[in-house]
Asks: 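Mind looking over this structure? Questions follow.
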Amino acid sequence: MAQPDSPIDRSSFEPPYAQLARRLRERVASGEFQPGDRLPSEAQLCEVYGVSPMTVRRAVTQLIQEEVAYAEHGRGTFVKSPQLGAAIFDLGDLRRYLSDPGIAARIVEARIVTPTPRVCQQLQVTADDHVIAIKRLLERAAETIFYHSEYLVFDPARPLVEAELGVTSLNDLFSGGGGGSGVKFGRLTLHASALTAGEATYLGEQPGSLAWVVEHLFFDYDDRPQSWGRFVGRADRLTFSSTVGIAPREEGGSR
């Protein structure tokens, strides 16, 4: 077994098990350990890195949780092959638009309406209930970037405030801040679509043009749907990327 490139630093704020997991992850990224290879045994790791068996077990558990490795009872721990079907795609483009100080939200509709059957299904309300319908255009200079429609469960005790109509509230939701909106978790759905006549009019495009649609459904702390909405934009507005497996660390970067 090769000697580690740097020892476990006992004075570091990073716990020893996290340091060990990082060292092993870097060795996988460098190709020293490849998919299917057995990682060093617990005894070997204890000896080479000067750590306890408990530290090794916590480090290996972390690698398994990160899907870098997997364990086989009685055989050891092995490097896991990249799982293409488990790829997680980043919505970085959308977050960058929402956090761009040059982007402004223009409200084209905000009113209390009777829910359509689809809205009833998404928000788990009935046709006798009411919801708040909001339509926004996210604009930069004179150009419309996204059309956003949203439906919120109507609560007379919680009046709609101006802050909830702007870009900041949307950015808070997608960056994890929550904006004090009481959101516990959300579900996002991405699909390709063709612009409807109404969407095309808002975006200044031709009906039938290709578009990306990002639907979001947010739930409150009672696990009840709170809001459902859709971002619609030209197909070239958003790109989605994902890293599968362990990529080598960029020069000057950190993992």
Side-chain angles (χ1 to χ4, degrees), residues 87-125 127 130-154 160-179 181 183 185-219 225-242:
I88 299 175
F89 288 84
D90 184 20
L91 285 172
D93 274 358
L94 181 55
R95 290 203 312 272
R96 281 188 287 275
Y97 280 121
L98 294 178
S99 62
D100 184 345
I103 296 288
R106 179 162 65 90
I107 305 299
V108 295
E109 180 181 311
R111 60 193 179 98
I112 298 173
V113 300
T114 300
T116 64
R118 188 176 184 192
V119 172
C120 288
Q121 180 183 17
Q122 294 290 342
L123 295 181
Q124 297 178 19
V125 295
H130 290 89
V131 298
I132 300 171
I134 303 173
K135 295 181 180 179
R136 303 175 174 91
L137 299 182
L138 302 187
E139 300 173 324
R140 182 167 54 198
E143 182 183 17
T144 300
I145 307 297
F146 286 106
Y147 164 67
H148 178 245
S149 62
E150 184 178 22
Y151 297 90
L152 300 90
V153 174
F154 175 62
L160 191 65
V161 296
E162 186 176 353
E164 294 178 304
L165 300 177
V167 175
T168 302
S169 63
L170 297 175
N171 184 41
D172 284 345
L173 290 173
F174 280 84
S175 63
S181 58
V183 171
F185 69 97
R187 296 193 179 115
L188 300 181
T189 303
L190 167 70
H191 61 87
S193 181
L195 292 176
T196 65
E199 293 165 348
T201 298
Y202 282 126
L203 292 169
E205 301 292 335
Q206 292 296 317
S209 300
L210 293 180
W212 278 120
V213 176
V214 180
E215 293 191 22
H216 57 83
L217 180 62
F218 293 118
F219 293 78
Q226 177 177 317
S227 67
W228 170 65
R230 303 167 77 247
F231 287 92
V232 182
R234 278 189 347 220
D236 60 354
R237 290 294 187 197
L238 298 175
T239 57
F240 304 92
S241 62
S242 179

Asks: Show which side-chain atoms of residues 109-116 pair as donor or acceptor with protein atoms under 3.5 Å away, not counting sequence neighbours.
Replies:
unit_1	atom_1	unit_2	atom_2	d
Glu109	OE2	Arg111	NE	3.1
Thr116	OG1	Val119	N	3.3

Asks: Mind running salt bridge (charged side-chain N to carboxylate O under 4.0 Å, His left out) on Glu143 and Arg237 for me, showing each step along the way?
Replies: CA-CA 12 Å; Glu143 182 183 17; Arg237 290 294 187 197; 2.4 Å; yes

Asks: Below 4.0 angstrom, N of the basic side chain to O of the carboxylate: do Glu199 and Arg234 qualify?
Replies: no

Asks: Below 4.5 Å, heavy atoms only, C-beta onward: do Trp228 and Gln226 meet side chain to side chain?
Replies: no

Asks: Going by an N to O cut-off under 4.0 Å, is there a salt bridge joining Arg118 and Glu215?
Replies: yes

Asks: Which class fits the ring pair Phe231 and Phe146: parallel under 30°, tilted 30 to 60°, perpendicular over 60°?
Replies: perpendicular

Asks: Of all heavy-atom pairs between Arg136 and Ala105, which one has the smallest distance, and what is that distance?
Replies: CD-CB, 4.4 Å

Asks: Grab the two heavy atoms, one from Leu195 and one from Glu205, that are nearest each other, plus how far apart they are.
Replies: CD1-CB, 3.6 Å

Asks: Is the shortest distance from a Lys or Arg side-chain nitrogen in Asp100 or Arg140 to a carboxylate oxygen in the other one below 4.0 Å?
Replies: yes

Asks: If you take all heavy atoms of Val153 and Pro225, which pair is closest and at what distance?
Replies: CG2-O, 3.5 Å

Asks: With side-chain contact (heavy atoms from CB on, under 4.5 Å) as the criterion, how do Tyr97 and Leu138 come out once you've worked through the C-alpha distance, each side chain's angles and the decisive distance to 0.1 Å?
Replies: CA-CA 9 Å; Tyr97 280 121; Leu138 302 187; over 6 Å; no

Asks: So do the side chains of Leu238 and Val214 get within less than 4.5 Å of each other, counting heavy atoms only?
Replies: yes

Asks: Between Thr201 (side chain) and Ala197 (backbone), is there a donor-acceptor pair under 3.5 Å?
Replies: yes

Asks: Using salt bridge (charged side-chain N to carboxylate O under 4.0 Å, His left out) as the criterion, list what pairs up with Glu139, not counting sequence neighbours.
Replies: Arg106

Asks: Test Trp212 against every option in Thr239, Asp236, Leu190 by the side chain to side chain contact (heavy atoms under 4.5 Å, CB included) rule and name the one that passes.
Replies: Leu190

Asks: Are any non-hydrogen side-chain atoms of Val108 and Leu137 less than 4.5 angstrom apart?
Replies: yes

Asks: What orientation do Phe154 and His130 show, parallel under 30°, tilted 30 to 60°, or perpendicular over 60°?
Replies: perpendicular

Asks: What closest approach, in Å, do Leu152 and Leu123 show between heavy atoms, and which atom pair accounts for it?
Replies: C-CD1, 4.3 Å

Asks: Is Glu150 salt-bridged to Arg230, cutoff N-O under 4.0 Å?
Replies: no

Asks: For Ile103 and Leu98, run side-chain contact (heavy atoms from CB on, under 4.5 Å): C-alpha distance rounded to whole Å, both residues' side-chain angles, the deciding distance at 0.1 Å, then the answer.
Replies: CA-CA 7 Å; Ile103 296 288; Leu98 294 178; 6.0 Å; no

Asks: Enter the distance from Ser227:OG to Leu217:CG here, rounded to the nearest 0.5 Å.
Replies: 7.0 Å

